[in-house]
There are 6 protein chains.
Amino acid sequence: MYELGVVYRTIPRADNDFAVRLGALGTATVHEAMGRIGLMKPYMRPIYAGAQAAGTAVTVLLHPGDNWMLHVVAEQIRPGDIVVAAVTADCTDGYFGDLLATSFKARGAQGLVIDAGVRDVRVLTEMNFPVWSKAISAKGTVKATLGSVNIPVVCAGALVTPGDVIVGDDDGVVVVPATLAQKTLEAAAAREANEGAKRAKLAAGVLGLDMYNMREPLQKAGLKYID
Amino acid sequence: MYELGVVYRTIPRADNDFAVRLGALGTATVHEAMGRIGLMKPYMRPIYAGAQAAGTAVTVLLHPGDNWMLHVVAEQIRPGDIVVAAVTADCTDGYFGDLLATSFKARGAQGLVIDAGVRDVRVLTEMNFPVWSKAISAKGTVKATLGSVNIPVVCAGALVTPGDVIVGDDDGVVVVPATLAQKTLEAAAAREANEGAKRAKLAAGVLGLDMYNMREPLQKAGLKYID
Amino acid sequence: MYELGVVYRTIPRADNDFAVRLGALGTATVHEAMGRIGLMKPYMRPIYAGAQAAGTAVTVLLHPGDNWMLHVVAEQIRPGDIVVAAVTADCTDGYFGDLLATSFKARGAQGLVIDAGVRDVRVLTEMNFPVWSKAISAKGTVKATLGSVNIPVVCAGALVTPGDVIVGDDDGVVVVPATLAQKTLEAAAAREANEGAKRAKLAAGVLGLDMYNMREPLQKAGLKYID
Amino acid sequence: MYELGVVYRTIPRADNDFAVRLGALGTATVHEAMGRIGLMKPYMRPIYAGAQAAGTAVTVLLHPGDNWMLHVVAEQIRPGDIVVAAVTADCTDGYFGDLLATSFKARGAQGLVIDAGVRDVRVLTEMNFPVWSKAISAKGTVKATLGSVNIPVVCAGALVTPGDVIVGDDDGVVVVPATLAQKTLEAAAAREANEGAKRAKLAAGVLGLDMYNMREPLQKAGLKYID
Amino acid sequence: MYELGVVYRTIPRADNDFAVRLGALGTATVHEAMGRIGLMKPYMRPIYAGAQAAGTAVTVLLHPGDNWMLHVVAEQIRPGDIVVAAVTADCTDGYFGDLLATSFKARGAQGLVIDAGVRDVRVLTEMNFPVWSKAISAKGTVKATLGSVNIPVVCAGALVTPGDVIVGDDDGVVVVPATLAQKTLEAAAAREANEGAKRAKLAAGVLGLDMYNMREPLQKAGLKYID
Amino acid sequence: MYELGVVYRTIPRADNDFAVRLGALGTATVHEAMGRIGLMKPYMRPIYAGAQAAGTAVTVLLHPGDNWMLHVVAEQIRPGDIVVAAVTADCTDGYFGDLLATSFKARGAQGLVIDAGVRDVRVLTEMNFPVWSKAISAKGTVKATLGSVNIPVVCAGALVTPGDVIVGDDDGVVVVPATLAQKTLEAAAAREANEGAKRAKLAAGVLGLDMYNMREPLQKAGLKYID
């Protein structure tokens, strides 16, 4: 978080299998399993509908208008990783485009999460390379100032430690600390297990009021029905 | 507007036929027919392109980060209704997802208009369940505090009285008071009736300047042409 | 910029061929070729994914909530033009819909760039008429106050002089002054020429660090690797 | 809400004494007494620190960039009133300045609440004329389109019916329906009555945890202390 | 606008006397005299209440997070100038603090207008050095990339040509092109001349409706009074 | 960061003397000494001009619209602390007012930093109790859901670990990790030591261009002067 000009080459990554399975459950379920924390701000949006990705975080801290470190982080990507890019101040510049995406993809990256802007979104979409960003902008950047790679960063309001599991889909991006990945997976899977039965009941017209036994607590809380 | 902890079970609804026909005309035409009032703020966006819905409003007032009352409102939905959800303070949490959508749909809801966030948007899109919201967010909510159902609410800057006609499409969401539904429908239909002929003229190269006889008022206002 | 109530009928337009060829290169490449200036703010978004347009600017200055001058500018459109609309104060109203689009298209317009709102986006999408705007809103406008046509305007933070080349795509909108069109085209084409080779190398796993010879300057700047 | 071009000259106003006494209690206390509803959005800010006002609402509905109706509403002001101005679409123009303030003050207005911009704020401050607005802007407006006076309006997210009590201070603006003024005053006064004793206890170092008996419910909710 | 890495040392400045006299009239009056154009966006706020300045523009184009050129522009300041700083992309960093203010003041600058952030605002306030900015931020900047000095720039939505008159006060910042300074001054002074008499009438209870003869046009427009 | 329902009673605090001395240097200087990281987003503003505070962080994680844990954190305050409050999702509600301020002050708190809203700002100002917040709002909150006290939190984009030094003033809020407090203090003091001499030179008319020896690097970068 507080070191500039350093690249950590060795980071403990969460087991990739956790990432794959958490990704299959989706951000909403994972976020609930986390106790409703660990979510990035909702301004982080996928650049195309239906984008989905899950992987282990390699992180990079950038400066406003400067994408130099994205080239540095590329070398640290291993298959199954997702790059998480934070900026030291608010910036909407287009830090990332089709060339970097080609490079990231060749290194095995599952996607990019960046608290700034990206460009070449038509090509990125055709490449099916998922990106979550704050903005889309053709604005280019310089390569002048050092940031860092694989230090803890705050990205869109969430702390990301290198090696954490990152899950992204249409609903946003959630961060699962490596140490909590297994426990979160179990809780999320348990949560998911009930959903099919619940959905069937609700589809059949059963009300959540009854399915979740809410009528009594609502009455206790003082809810009044008026005809 | 000012009652908390109450559910009105009996509300006078506008004739559903008005809703269907206003919906076919679209928000822009209906809004013009209303005299350019009754539109929700433009930050209300459909969760997928091409979303369209029209129906009678059942309303719900929620608290920040608390979706308890969405389960209460589900029971009050009748076929042809649209749920309109307001919050007592700005909030982007994901109040509504695929389970509630399944329940709302089973009750006959035509869609949801919510001045907050929703989640599970990929599934909602697959379900073809139209939602207009301020945000998309995986952030879950608690069930702790009573709001109200079927009281007048202010949603995204527009007053909605239970039973009003709600029309939503790609251009936004417009509210037509039940008492004005017939008159608005007539004005909107009259407006629409002329559009085909106008479109044909404009497509043939006739200018709006001539078709609407604007040249004289523009000249009177002082417009000068310079070669 | 500072004249109200005037319409310039004769403007020097950049060669349309420059517009076509700059459009084929895309906003990101053109913006880089300009030296990273001339881009509109990133809040300007296409109303549908994949929108692309390039042409010579005819400009119009509007007042908040008043679209009268869009009818005036229609007459000044020549085939190959793009209409660029600025407003004297922030406004999200829907100034432009399917009827005006029909008229603009009949006159040969390639698209619209408007620092305000538009409506009828479903029909505009079906018409394949590209629009970049700040907002989508069903809110209609009045026709009461004179603005101007074909004066220099500031649109979404960029100065647009009538006749400039405008290029718009998924990444935003860039303005190329008529006098710089040829030089920019050459620089952009040169830039583009290298991209294929670069992309192939990156796809093969070569790192930008090596391809761009960044390792030495990064070391000089003090970058440290830690295992 | 839905009538344009009308001025209601006769409105039932809440007793002015309620307004005065609610004003003395302040927005936070009044808003709590209302059950935490009726507050305008927090973007409504006083133009100078320490602004305070309370009165009965005369309302006006304006169009974007058009302040004509502010002159119409001036005539309807009675001593003790506060003018509440809504706009049919988002606008930051400076609708109101020192001349209108002079007129409003001469008519007995206690202040202005406007969901748009104002100007001449230095003079307004010197006049000690309290205004709550969304923006400050030197941008002037036209006088071209009719709105209405003394119809119900939605201002900054709150419904205001003519004659309602409006209370504004540094914390924002709250609306008390005329029919609820007495009941709200009683609840607010009761709430206020306890505050002095509470403040003395807290100043003496007693914790809210003890004063409000929160330790048991916190423990029941599962709170754990770790040394 | 489109040249990078250049400093124009010789610019034609508007007569400083025009600046002084326009400044005395204030932004609202000057902006009206300009025909309601030339105003910067209302997000530009003075860093302290009561800030007032007027002068001739020296301009500087900066890059995001890089304040190098502020040192370059300092040398070009002449007594009576105001520095106008634009950035090539949105940025809230604190480009300017007490040291630069000391330097600018020593060179005779009347103030700073910057479409970005500033810092040391307590000291700037004590120095009585007026600044209008988009943000206040302690975030520092680098000195790595060339911009330009004394080229035309777009600052907060307004075109500023070096030598233009800039007027700033509590209501915002307005730009008067050098060539329009005299004409604008005359129009503004004429406008101001009537204000005293108008204010006296309004203070005496005369309504704007009568003073401006609005009753007839309102009636023609269809305004209806209801008792 | 990821534990809910826990209160850490024992935290290692940075030496209070570091906090006092860093506070005297101010956020801009401290932030530079940190290498330009550790700053909260610039939307965090003091509730009154001239607010200044420095202390050791006790942290609290809140839920939207729920201030229960502010009462829990009060007990953990020791003289010299600053309370840092984060929320699990964006919220502008008024979580904190004069009663809690009285309690916090009685416990020895130096101030509050909250990524949400506060109220009673007139009284807080009179109490001279410094608060940095995202919003001011009379909107009250409930007491229903557990958060945590003295866990690491992300507040306004910055990671805060309990015991870190927090410095706030008119320019914003900066976080100095306890482990970096001494080193940062030394760097900041060194930086400050030179400022007096620099200021005197600049006030005497010496240019930063010369004082910082920028002319040569600017020339190397290609800067051109044009007369």
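The chains referred to below are lettered A, B, ... by the order of the sequence lines, with proteins before strands, and numbering in each begins at 1. Values in this document were obtained by computation on a predicted structure and should not be read as measured data.
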Query raised in the report: Below 4.0 angstrom, N of the basic side chain to O of the carboxylate: do Glu32(C) and Lys139(A) qualify?
Result: no
Query raised in the report: Considering only heavy atoms, which portion of Thr125(A) lies under 4.5 Å from any heavy atom of chain C: side chain, backbone, both, or neither?
Result: neither
Report task. Report the C-alpha distance between Met69(A) and Leu223(C) in whole Å, list the side-chain angles of each, state the deciding distance to 0.1 Å, and finish with yes or no for side chain to side chain contact (heavy atoms under 4.5 Å, CB included). Result -> CA-CA 10 Å; Met69(A) 299 306 288; Leu223(C) 189 66; 3.8 Å; yes
**Report entry** Most contacts with chain C, counted as non-hydrogen pairs under 4.5 angstrom, among Leu99(A), Val6(A), Val72(A)
**Finding:** Leu99(A)
Query raised in the report: Given the options Glu195(C), Met44(C), Lys41(C), Lys201(C), which has more heavy-atom pairs under 4.5 Å with chain A than any of the others?
Result: Glu195(C)
Requested in this report: Pick whichever of Met40(C), Met214(C), Lys198(C) has the most heavy-atom pairs under 4.5 Å with chain A.
Outcome: Met214(C)
Requested in this report: Check the pair Trp68(A) / Leu218(C) against side chain to side chain contact (heavy atoms under 4.5 Å, CB included), numbers first and verdict last.
Outcome: CA-CA 9 Å; Trp68(A) 209 9; Leu218(C) 282 165; 3.5 Å; yes
Query raised in the report: Near Arg9(A) CZ, under 6.0 Å, is it more than 12 heavy atoms from other residues, nucleotides or ligands?
Result: yes
**Report entry** Nearest-0.5 Å distance, OG of residue Ser137(A) to CZ of residue Arg45(C)
**Finding:** 9.0 Å
Query raised in the report: Who wins among Val121(A), Thr145(A), Thr10(A) for the most heavy-atom pairs under 4.5 Å with chain C?
Result: Val121(A)
Query raised in the report: Would a 4.5 Å heavy-atom cut-off, applied to side chains only, mark Tyr225(C) and Gln76(A) as touching?
Result: yes
Report summary line: If one checks every heavy atom of Arg107(A) against chain C at 4.5 Å, the contacting part turns out to be side chain
Query raised in the report: Quick one: do Asp98(A) and Arg199(C) make a salt bridge, cutoff under 4.0 Å?
Result: yes
Query raised in the report: So, does His71(A) use its side chain to make a donor-acceptor pair with the main chain of Leu207(C) at under 3.5 Å?
Result: no
Query raised in the report: Roughly how far, to the nearest 0.5 Å, is the OG1 atom of Thr29(C) from the CG atom of Asp120(A)?
Result: 7.0 Å
Report task. Considering only NZ, NE, NH1 and NH2 on the basic side and carboxylate oxygens on the acidic side, decide whether Arg119(A) and Asp171(C) come within less than 4.0 Å. Result -> no
Query raised in the report: Could you state the interatomic distance from CG (Leu4(A)) to NZ (Lys224(C)), rounded to the nearest 0.5 Å?
Result: 11.0 Å
Query raised in the report: Quick one: what part of Ala49(C) sits under 4.5 Å from any heavy atom of chain A, side chain, backbone, both or neither?
Result: neither
Report task. Go through Ala74(A), Ser103(A), Gly140(A) and name the one with the most non-hydrogen pairs under 4.5 angstrom from chain C. Result -> Gly140(A)
Query raised in the report: Most heavy-atom pairs under 4.5 angstrom with chain C, which of Ile136(A), Leu70(A), Ile47(A), Val149(A)?
Result: Ile136(A)
**Report entry** Contact summary for Gly222(C) and Leu146(A), nearest pair of heavy atoms
**Finding:** C-CD1, 3.7 Å
Query raised in the report: Checking Tyr212(C) against chain A: side chain, backbone, both or neither under 4.5 Å from a heavy atom?
Result: side chain
Report task. Quick one: do Tyr48(A) and Asp170(C) satisfy side chain to side chain contact (heavy atoms under 4.5 Å, CB included)? Show the steps, please. Result -> CA-CA 11 Å; Tyr48(A) 54 87; Asp170(C) 288 300; over 6 Å; no
